[in-house]
Structures are given as structure tokens and as C-alpha cells.
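Position 1 is the first residue of the sequence; numbering continues from there. Every value quoted in this text rests on a predicted model; they were computed, and no experiment measured them.
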Amino acid sequence: MKKIYLLAVTAALLTQISCKDRNNDTAIVPNPQAFVAENYSNVVFATYEDSWIAANKLKTAAESFVANPSQGGLENTRAAYLAARTPYIQSEAFRFYNGPIDDARGLEGLLNSWPLDESYIDYIVTNANTGIINDATAFPTINKDIIEANNQTAGEESVSCGYHAIEFLLWGQDLSVDGPGDRPYTDYIVGGSGTASNQDRRAAYLLACIDLLIDNLNTLKNDWKPNAQNYRASFVANPNQAISNFLTGVYRYTDGELSVERMQVALDAEDDAGRQENEQSCFSDQTHNDIILGQKGIRNVYIGTYVRIDGSVVEGASLSDLVKATDKNLNDLVLSKIYDADIAVNAIHPPFDNEIVSTNAAGRIRVQNAINALHDEAAEYKAAGAKLGMIIN
């Protein structure tokens, strides 16, 4: 019902049906962009709120696991991690226009930095004593402040926090092209005869890393909270600029970050080891889902719809509505390119690192087809922006 109402309002505004002010007989100029900027903000807030809710559920699972480590507890925590990634990856289409996720606070770097040098955090197969966890001299205390303070201090790959740090702590190194990492649950049995020492510090690190994740997601959620004096309030106050910004963001994410940094770089690496190193979610072997959910987030922005983790739907006036009112054929073309990209990314076979190895010609073609489809989709976003008179930076 909400969608129908907003579409009706938008259509009326776009055909410039105006009314007269009873006091001064002045025509009221419609502003359909305001509805689009407001609904986009609703989608963003709901996505970040879901990410925060799911991260809290991950914390509950992790606390239960480290209190009584078992294989079942580890699997439950891994499942909670994957559930937590689902809304967050859809939020990455909100990047690349200097919004809260990309501002000077560096939240994106604290949440989702990669590639990750595993040896910066914990042991690896060639060194049992490396990492913050195994260096009690330099890091006598492990808490979220220490973890945040040491994020990327030794270089871009010295990642200490965020989703991928948690992923590594749950799965361990990915040493196979056929499956994910296989960290044993005994890594968390304090005082036990596990495969690695410092089990208590590893447990403390895992929980602190999740707490830091929750804090940063809460910050983003509050930045986009409705009816507050925050970033959102200034964002919706200038609807034309808001639309230009987030259309720029979704174009840059589609044409650059997702298609190139997340996919083409890995596909084009000189050897199979380099390809595996450059896949985003290598420890859990969920890179294919990152790509699918990234495309889903892009679609959410254009059609103005987001399905929440509880099954409810946020929807309203959208970019698609604006483009359709201006040029129906162009809107149809954009939607067709979105559909093509949906098909192409879903055609990638998991795990992604096996799909891109030199011996898998068919897999490499599937990945390249998905990359090409994303570039084609991005080109239509640029065309849509031009049609709307928006500047794509």
C-alpha cells in the first residue's frame, strides 16, 4: 500500500499537477526528488539496523561458544556470522559519495577491510607464535580499544578488526581451493590440549572484535536514524544533491569496486595463489555470496526496496520511478541490465576461488560474464543520471 501511495504521489508530481495557495494564489512547485531521497534514507537505515541486529545475534552465539567450546558451537557461530554478513553486504551500495560509511572517521576500514594478513592477528601454518593474539608482551591486554588502535597501522593488510578478522578467527586460513578454512574448535578450549596456544586470548579477541563491530554499526545506524539531528537530516534537506550523490555511489560501486576490485583483480592475478589471496571472503569461501548480495544491494537502491531480515519490506518512491516518468524506455533498459547482472552473478559456482583457477576455463568465463554484466549495468546508471540531469562524479 505504501509503495502504491508513493508512486501515485510521485506520478502526480512529475506531471506537475499543482494547486494554488489559498492566501497568495501561488503555484506550489512539486518536488518528487524529496520522496526518493526520503525512501532511500529509509532503505539505508533499515539495512544498517538489520546489520546491527544480526551482529548482536552473532555476539550471543560467540559468547555461548567460547564459554563451552564444541564443534556444534563453532558451527552455530559460523552460521550467525554468515547471517550477519547478509544485510551488511547489501549496504555496500551506499558507499563512494562521502557519506557516513566513507567519511573521515574511517568506519568502512574498521568494518570491512581486506585483504587481511592473517599473521597480524593469529598463528598461521608456517608460524605458530605470530600475531597480536600470541604476543602477550606487546599486547598484554586484549580489548576493543587495543584492536581498533592497531587496525592497519603496519600497512593496508595489517587488518585487526571487522568482518574479515572475525571470519578468520572462526574459519582460520583457507588452504584449499575446494573448501573453506578448517580452524578446530579446540583453538578456544582454555587450558586444553588444542592445536594452538593462547586459547583464552583468542576467545577474548573474538568477543572484543564483535563488540567493536557492533559499536561501529550502531554509529552508522544512528547516522541514518529518522527524525534526528544527524547526517540523514542534512542529506534529505537537499534532495537533488542527495540523489546525485547516491547515484554516483551506486555507479562507482557497480563499475569499480564490485566488478573490478572484488572480481577482476582476482581473476587477473598472475597465479592461482594470488587469485585466492585476492578473493574477498576467502576464509569462509563465501565470496560468491558477497557478489550476489552486492548486486542485490545495487538493485535495492535503484528500485527503492529492501527486504528486512524479519521479512518485512521497506519500499517507496525510487530512482526507477524518476527515470520511468522521464524516459520509460530507458527505465526498461536499466531494469533489463539489472536482471542480466542478477542472472550472471548467480551463475558463478561456489567456491569462487575454484571458479577462477587457471584450469577452470568455464568458471573463468562465468566470472568474466558477471563482470561484463556489471559494467553494462553501470553504464545505464550513468545514462539514467544524465537523463535526470544529475552529475555522476
| message | A side-chain contact here means heavy atoms from C-beta on lying under 4.5 Å apart; do S320 and V334 qualify? | response | no
| query | Considering all heavy atoms of both residues, which atom of W114 and which atom of Q280 are nearest to each other, and what is their separation? | reply | NE1-NE2, 3.4 Å
| query | Which value, rounded to the nearest 0.5 Å, describes the distance between F96 atom CZ and E257 atom CD? | reply | 4.0 Å
| note | Quick note, ring-ring contact (aromatic ring centres under 6.0 Å, His included) partners involving residues 250-289, not counting sequence neighbours, are F168-F283
| Contacts of type salt bridge (charged side-chain N to carboxylate O under 4.0 Å, His left out), residue D117, not counting sequence neighbours | none
| If you measure from CG on L258 to CG on D290, what distance do you get to the nearest 0.5 Å? | 9.5 Å
| If you look at every heavy atom in I132 and S160, which pair is closest and at what distance? | CD1-CB, 4.3 Å
| said: Determine whether V314 and T305 satisfy the following criterion, side chain to side chain contact (heavy atoms under 4.5 Å, CB included), listing intermediate values before the conclusion. | reply: CA-CA 6 Å; V314 178; T305 300; over 6 Å; no
| request: Flag yes if more than 12 heavy atoms outside D310 fall under 6.0 Å of its CG atom; otherwise flag no. | output: yes
| said: Could you check whether any side-chain heavy atom of L116 comes within less than 4.5 Å of a side-chain heavy atom of E167, counting everything from C-beta outward? | reply: no
| request: Please report the shortest heavy-atom distance between A54 and P87, naming the atom on each side. | output: CB-CG, 4.4 Å
| message | Against D342, only a single residue in Q295, E377, K337 fulfils side chain to side chain contact (heavy atoms under 4.5 Å, CB included); can you say which? | response | Q295
| task | Would you confirm whether the ring centroid of Y88 sits within less than 6.0 angstrom of the ring centroid of Y163? | result | yes
| Q152 and E157: side chain donor to acceptor below 3.5 Å | no
| field | D187 and Q199: side chain donor to acceptor below 3.5 Å | value | no
| request: Run the numbers on R262 and E279 for salt bridge (Lys or Arg N to Asp or Glu O under 4.0 Å), then give the verdict. | output: CA-CA 7 Å; R262 307 287 174 87; E279 68 159 329; over 6 Å; no
| task | Sort out for me which residue in T47, N42, D50 forms a side-chain hydrogen bond (donor to acceptor under 3.5 Å, both in side chains) with Y306. | result | D50
| said: Checking ring-ring contact (aromatic ring centres under 6.0 Å, His included) between Y302 and each of Y381, Y40, Y339, which is the one that passes? | reply: Y381
| request: Please list, chain by chain and in numerical order, all residues satisfying salt bridge (charged side-chain N to carboxylate O under 4.0 Å, His left out) with K296, sequence neighbours excluded. | output: none
| message | Can you see whether D223 engages N230 through a side-chain donor-acceptor pair at a distance of less than 3.5 angstrom? | response | no
| task | Apply the ring-ring contact (aromatic ring centres under 6.0 Å, His included) test between W224 and each candidate in F94, W52, Y231; give the one that qualifies. | result | Y231
| request: Flag yes if more than 12 heavy atoms outside Q71 fall under 6.0 Å of its CD atom; otherwise flag no. | output: yes
| field | Nearest atoms (heavy-atom pairs only) where P69 meets I189 | value | CB-CG1, 3.8 Å
| Is the number of heavy atoms from other residues, nucleotides or ligands within 6.0 Å of NZ (K324) greater than 12? | no
| Shortest non-hydrogen contact from A84 to A55? | CB-N, 4.3 Å
| query | In this structure, are over 12 heavy atoms from other groups packed under 6.0 Å from L175 atom CG? | reply | yes
| note | Separation between CD1 (I214) and NZ (K144), nearest 0.5 Å, reads 8.5 Å
| query | Do the side chain of N39 and the main chain of G304 share a donor and acceptor less than 3.5 angstrom apart? | reply | yes
| Considering all heavy atoms, the nearest L170-R183 contact | O-CB, 3.9 Å
| query | Rounded to the nearest 0.5 Å, what separation is found between the CG atom of N240 and the CD atom of Q33? | reply | 4.5 Å
| message | Any donor-acceptor pair under 3.5 Å linking the side-chain atoms of N218 with those of K221? | response | yes
| Say you draw a straight line from CG of L213 to CG of N112; how long is it, rounded to the nearest 0.5 Å? | 9.5 Å
| In terms of side-chain heavy atoms, does D103 have a donor or acceptor partner in N98 at a distance below 3.5 Å? | no
| said: Around atom CD of E75, are there more than 12 heavy atoms from other residues, nucleotides or ligands closer than 6.0 Å? | reply: yes
| Spatial distance of atom CD (E355) from atom CD1 (I291) [nearest 0.5 Å] | 9.5 Å
| Q286 and N289: side-chain donor and acceptor closer than 3.5 Å? | yes
